[in-house]
Amino acid sequence: MPELPEVEVVRAGLHPAVTGAVVRRVVVLEPRSLRRHDGPLEDFVDRLEGATLQSAVRRGKFLWFPFEASGQGEPAHPALVAHLGMSGQVLLRDTAADDDRLLRVRLDLVHPRHGDIRLAFVDQRIFGSMAIDSTVPTADGFAAGYSSASILGHSSDDEGESVPFSRTPTVETPVQDARPWVTRIPTQVAHIARDPLDPAFDEGRFFARLAATRSGVKRALLDQTLVSGIGNIYADESLWAAKIHGEQPSNSLTRSRARLLLVEIRAVLYRALAEGGTSFDAQYVNVNGQSGYFSHSLNAYGQQGKPCPRCGTPIVREQFMNRGSHFCPRCQRLR
DNA sequence: CACACACCCTGTTTGC
DNA sequence: TGCAAACAGGGTGTGT
């Protein structure tokens, strides 16, 4: 479930289940799902079995689980990194349950309070992956990603594990935290920019990079090293909301239009999050296999032929970057 | 260097 | 009904 809101829904669901849980048994049914793991399959299994998971963290569309190894020889502060790709799911199952049809990796956990839990990595297209990775300190000293119980702030199962991470950035001071994993990021994720809901998101850098490229705004929004968490749906939705054409050269945006765009991106992501993410079918679900409702709130994505909710002009779909781009030809003009 | 594109995959939906 | 093509929300490596 690829974009930020869907991945955050998954992360929030996993957080109470994995925090403090010990990995009992790991089964890899599809070796290609470990493509990004640096080492053989047995290495992945052996290093994980017996490990204690410390949290569920997310930056953009990347998820990771810092863990404490049981055995010797494990480098300090490793993490299990998961990326869902186009079709990945992480589901919480009963340890006695039958395997899901497209199950690729299975982690059986025992949690000190919740007991036995199975973490099932299901992925149709195998674009997603799991890997054990080492971590490095964040360049800015801030928390590496989001790791509280819920970004919406109304979960009851926080267990006091919250890392300060408010929606509105306040004064930025590097985090002082006894848990070293908080400010460490997996090397595979280190090049990914912070996402727009991250209080340490560097707005100045975002605007500067937009101003420094001639490529279209949509392409820039999909560039995860510029800003993370935005995929095809939320790019189209944000651009529609800001009335910007996706092929408008990034460096031709005025500063105020760029600011408006960022405001709309945050609004769209936050709304989608509040509705549990977007899903068109059983593919995009939370850890309990349930779908979100944001598909009912889409204004542009997948709405080709339907009237623009603002002006009534039919929404157009065009092929772009091997993907569909949906926009209102009247509200979103190239200029 | 910045940019554009091919490629990695399988299952479901669409169209003939 | 059967079959093939088109399609899917992502990231990375390679070539120009």
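Labels below follow one simple rule: chain letters A, B, ... track the order of the sequence lines, proteins then strands, and each chain is numbered from 1.
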Please figure out whether A:I126 or A:G216 has its closest DNA chain B nucleotide nearer the 5' end. A:G216

Nucleotide forming a Watson-Crick or wobble pair with C:dG9, both distances under 3.5 Å: none

Distance test, side-chain N/O of A:T213 to OP1/OP2 of B:dC3, below 4.0 Å: yes

Under 5.5 Å centre to centre and under 30° between planes: does that hold for A:F127 and the six-membered base ring of B:dC8? yes

Rounded interatomic separation in angstrom, taking CD from A:Q283 and P from B:dG11: 11 Å

Quick one: A:E247 CD to B:dC3 P, roughly how many Å, whole number? 15 Å

Answer whether the closest heavy-atom distance between the side chains of A:I230 and A:K61 falls below 4.5 Å. no

B:dA4, OP1 or OP2 - any side-chain N/O from A:R219 closer than 4.0 Å? yes

Specify the residue among A:I192 and A:G324 whose closest nucleotide of DNA chain C lies further upstream toward the 5′ end. A:G324

C:dG10 C1' sits how many Å from A:E6 CD, rounded? 13 Å

Specify the residue among A:S279 and A:F62 whose closest nucleotide of DNA chain C lies further upstream toward the 5′ end. A:S279

Provide the closest heavy-atom pair for A:Q332 versus A:H245 in the form atom of the first, atom of the second, distance. O-CD2, 3.3 Å

Can you tell me if A:R32 touches the phosphate of B:dT10, counting only side-chain N or O atoms and a distance under 4.0 Å to OP1 or OP2? yes

Nearest to the side chain of A:R36, heavy atoms from C-beta on, is which of C:dG11, B:dC3, C:dG10? C:dG11

Between C:dT12 and A:H191, is there an OP1 or OP2 to side-chain N/O distance shorter than 4.0 Å? yes

Using Watson-Crick or G-U wobble geometry with both distances below 3.5 Å, tell me the partner of B:dC1, or none. none

If the C1' atom of B:dT12 is compared with that of C:dG11, how far apart are they to the nearest Å? 23 Å

Name the nucleic acid region contacted by A:T278, choosing base, sugar-phosphate or nothing; use a 4.0 angstrom heavy-atom cut-off, strictly under. base

Backbone N or O of A:H77 within a donor-acceptor pair of the A:T135 side chain at under 3.5 Å? yes

Evaluate whether atom CG of A:D99 has more than 12 neighbouring non-hydrogen atoms of other residues, nucleotides or ligands under 6.0 angstrom away. yes

To the nearest Å, how far apart are A:Q188 CD and C:dT12 P? 9 Å

For atom CZ of A:R214 and atom P of B:dC3, their distance in whole Å: 6 Å

Across every strand shown, the nucleotide meeting Watson-Crick or G-U wobble geometry with B:dC9 (both distances under 3.5 Å) is none

Distance below 4.0 Å between A:Q124 side-chain N/O and B:dG11 OP1 or OP2: no

Can you tell me if A:H83 touches the phosphate of C:dG11, counting only side-chain N or O atoms and a distance under 4.0 Å to OP1 or OP2? yes

Rounding to an integer number of angstrom, what distance separates B:dT14 and C:dG9 when you compare their P atoms? 15 Å

Please indicate whether A:D98 has more than 12 foreign heavy atoms, meaning atoms of other residues, nucleotides or ligands, lying under 6.0 Å from its CG. no

Between P of C:dC7 and CE of A:M86, the distance in whole Å: 13 Å

Please determine whether side chain to side chain donor-acceptor pair (under 3.5 Å) holds for the pair A:S252 and A:Q248, giving the CA-CA distance in whole Å, both sets of side-chain angles, and the decisive distance to 0.1 Å. CA-CA 7 Å; A:S252 73; A:Q248 184 78 35; 2.9 Å; yes

Which part of the nucleic acid, if any, lies within contact of A:L102, taking any heavy atom under 4.0 Å across all strands shown: a base, the sugar-phosphate backbone alone, or nothing? sugar-phosphate

Check: A:Y234 main-chain N/O paired with A:S238 side-chain donor or acceptor under 3.5 Å: yes

Take atom CD1 of A:I230 and atom C1' of C:dG10, then tell me their distance rounded to the nearest Å. 14 Å

Please confirm whether the shortest side-chain N or O distance from A:Y234 to OP1 or OP2 of C:dG9 is below 4.0 Å. no

Using a heavy-atom cut-off of 4.0 Å across all strands, would you classify A:R101 as base, sugar-phosphate, or nothing? sugar-phosphate

For B:dC9 versus C:dT14, give the span between their P atoms, rounded off to a whole number of Å. 15 Å

To the nearest angstrom, how far is A:L222 atom CG from C:dG11 atom C1'? 11 Å

